[in-house]
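Report on the structure given below.
Residue numbering restarts at 1 for every chain, and letters A, B, ... go by the order of the sequence lines.
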Number of protein chains: 2
Amino acid sequence: MYSIQDVSNKTGLSTHTLRYYEKEGLISGVERSQGGFRQYTDEDLERLGLIRCLKNTGMSIQEIARFVQLTHEGDHTLEERVELLREHRERVLERMAEMQEHLDKVTWKLNFFTEKLKAYQAEQKKDKQA
Amino acid sequence: MYSIQDVSNKTGLSTHTLRYYEKEGLISGVERSQGGFRQYTDEDLERLGLIRCLKNTGMSIQEIARFVQLTHEGDHTLEERVELLREHRERVLERMAEMQEHLDKVTWKLNFFTEKLKAYQAEQKKDKQA
DNA sequence: CATGAAGTTGAAGTTTACTCTAAGGTGATA
DNA sequence: TATCACCTTAGAGTAAACTTCAACTTCATG
């Protein structure tokens with residue numbers, strides 16, 4: 001059993017964010033102590049692991065909530081969940097290809113400026129000597 | 001010379017966004033007709049091209065504005081610009097590696113669910129026959 | 001030269017994903 | 001058993017990046 005602070009330390013998500021995620025339906029059914037304190041299990045941590053993967057690959061909170069909801073509804077939603085992940089995967093692959101393309105252009109520009117800088121510095125040196 | 005609508009069509013940015021970018025200092029010095037209408041040149045389009053690359057690789061509006069400002073200040077800012085792009089490039093590479101890692105986990109989960117779905121469907125079929 | 005589509009501005013509104021605040025209650029420990 | 005760090009909630013606040021609105025003005029065309 002982990003306190004919310006423990007989970008925050010383990011995941012890098014703030015305690016605020018953890019409560020917010022719970023409110024939004026991303027992580028439901030977290031146990032409570034008799035006093036009402038959240039007590040996360042290892043299973044909860046694993047669920048948070050998947051959530052982080054989806055989040056970090058650009059899935060919105062709303063879409064993750066949808067996925068989690070389907071999970072709770074049982075095996076008859078397996079097809080929809082597979083479909084959802086498959087589509088997400090496609091979108092991420094496209095996004096990454098696009099990023100790579102744009103990064104290449106940035107790299108090209110960076111090289112261009114690097115050359116220009118060299119020329120500029122050579123010029124400065126010459127001026128100083130004169 | 002292109003109207004704002006032309007540029008919107010060419011870049012995929014809305015006319016609203018183009019005006020917003022201008023206000024934020026991302027694209028300055030766009031010519032105007034005597035009546036005050038924006039008239040974009042091919043050079044403006046090229047500048048927008050770089051802006052889109054930076055934007056799409058995750059640079060904030062503020063940081064792009066900073067870069068553009070340095071550009072206007074002349075060659076003595078070349079070093080800072082090179083540094084800025086170099087750092088951005090590093091961040092993007094890290095971000096992409098992270099995304100790839102997380103995507104791998106999503107893919108793993110997807111395969112897991114796909115198998116589970118197959119088993120479930122086989123089960124359903126069996127129940128139907130029974 | 002009228003008219004309607006497209007442009008202009010400043011300012012307010014929206015969405016997403018947090019993040020913080022206030023006003024408490026809880027629980028380990030000295 | 002007091003104390004104090006940590007937890008609870010509802011709700012307000014924030015930041016980024018647009019997006020929409022209102023109230024005009026301009027431009028191309030029949």
Taking side-chain contact (heavy atoms from CB on, under 4.5 Å) as the definition, give me every residue that meets it alongside B:N111, ordered by chain and number, with sequence neighbours left out. B:T107
Which pairs pass salt bridge (charged side-chain N to carboxylate O under 4.0 Å, His left out) with one or both residues in residues 24-40 of chain A, sequence neighbours excluded? A:E22-A:R32, A:E22-A:R38
Listed pairs under 3.5 Å, donor-acceptor, residues 116-127 of chain A side chains, sequence neighbours left out:
from, atom 1, to, atom 2, distance (Å)
A:K118, NZ, A:E115, OE2, 3.4

Residue pairs passing the salt bridge (charged side-chain N to carboxylate O under 4.0 Å, His left out) test with at least one member in residues 104-114 of chain A, sequence neighbours excluded, are none
Readout for nucleotides 10-24 of chain D: B = base within 4.0 Å of protein heavy atom, S = sugar-phosphate only, - = neither; 5' to 3' it is -------BBBB----
Apply salt bridge (Lys or Arg N to Asp or Glu O under 4.0 Å) to B:E98 and list each qualifying residue two or more places apart in sequence or on a separate chain. B:R95
Report yes or no: do B:Y2 and B:D42 form a side-chain donor-acceptor pair below 3.5 Å? yes
CG of A:L45 to OH of A:Y40, rounded to nearest 0.5 Å, is 9.5 Å
Using a cut-off of less than 4.0 Å, is there contact between a side-chain N or O of A:S33 and OP1 or OP2 of C:dG27? yes
Close N/O contacts between protein and nucleotides 28-30 of chain C (under 3.5 Å):
none

Could I get a table of every N or O pair under 3.5 Å where one atom is in the protein and the other is in nucleotides 5-8 of chain C?
from, atom 1, to, atom 2, distance (Å)
C:dG7, OP1, B:S3, OG, 3.4
C:dG7, OP1, B:Q5, N, 3.3
C:dT8, OP1, B:R38, N, 2.7
C:dT8, OP1, B:R38, NH1, 2.8
C:dT8, OP2, B:R19, NE, 3.0
C:dT8, OP2, B:R19, NH2, 3.1
C:dT8, OP2, B:R38, NH1, 3.2
C:dT8, O5', B:R38, NH1, 3.4
C:dT8, O3', B:R32, NH1, 3.4

Side-chain touch A:I61/A:Y21, heavy atoms, less than 4.5 angstrom: yes
Using a heavy-atom distance cut-off of less than 4.0 Å, which residues of residues 86-103 of chain B contact DNA chain D? none
Considering only distance and modelled atom types, tabulate donor-acceptor pairs under 3.5 Å from the side chains of residues 67-78 of chain B, sequence neighbours left out.
from, atom 1, to, atom 2, distance (Å)
B:Q69, NE2, B:E73, OE2, 2.6
B:T71, OG1, B:F67, O, 3.0
B:H72, NE2, B:S28, OG, 2.8
B:H76, ND1, B:E73, O, 3.3
B:T77, OG1, B:L70, O, 2.7
B:T77, OG1, B:G74, O, 2.8
B:T77, OG1, B:R81, NE, 3.1
B:T77, OG1, B:R81, NH2, 3.2

Using the salt bridge (Lys or Arg N to Asp or Glu O under 4.0 Å) criterion, which residues pair with B:R89? Sequence neighbours excluded. none
Base, sugar-phosphate alone, or nothing: which one does B:E24 contact when heavy atoms must sit under 4.0 Å apart? nothing
Hits for ring pair (Phe, Tyr, Trp, His ring centres under 6.0 Å) against A:F112, two or more places apart or cross-chain, chain-then-number order -> A:W108
If the threshold is 4.0 Å, N to carboxylate O, is there a salt bridge linking A:E63 and A:R91? yes
In the single-linkage hydrophobic clustering (I, L, V, M, F, W, Y; side-chain heavy atoms under 4.5 Å), do B:L18 and B:V30 co-cluster? yes
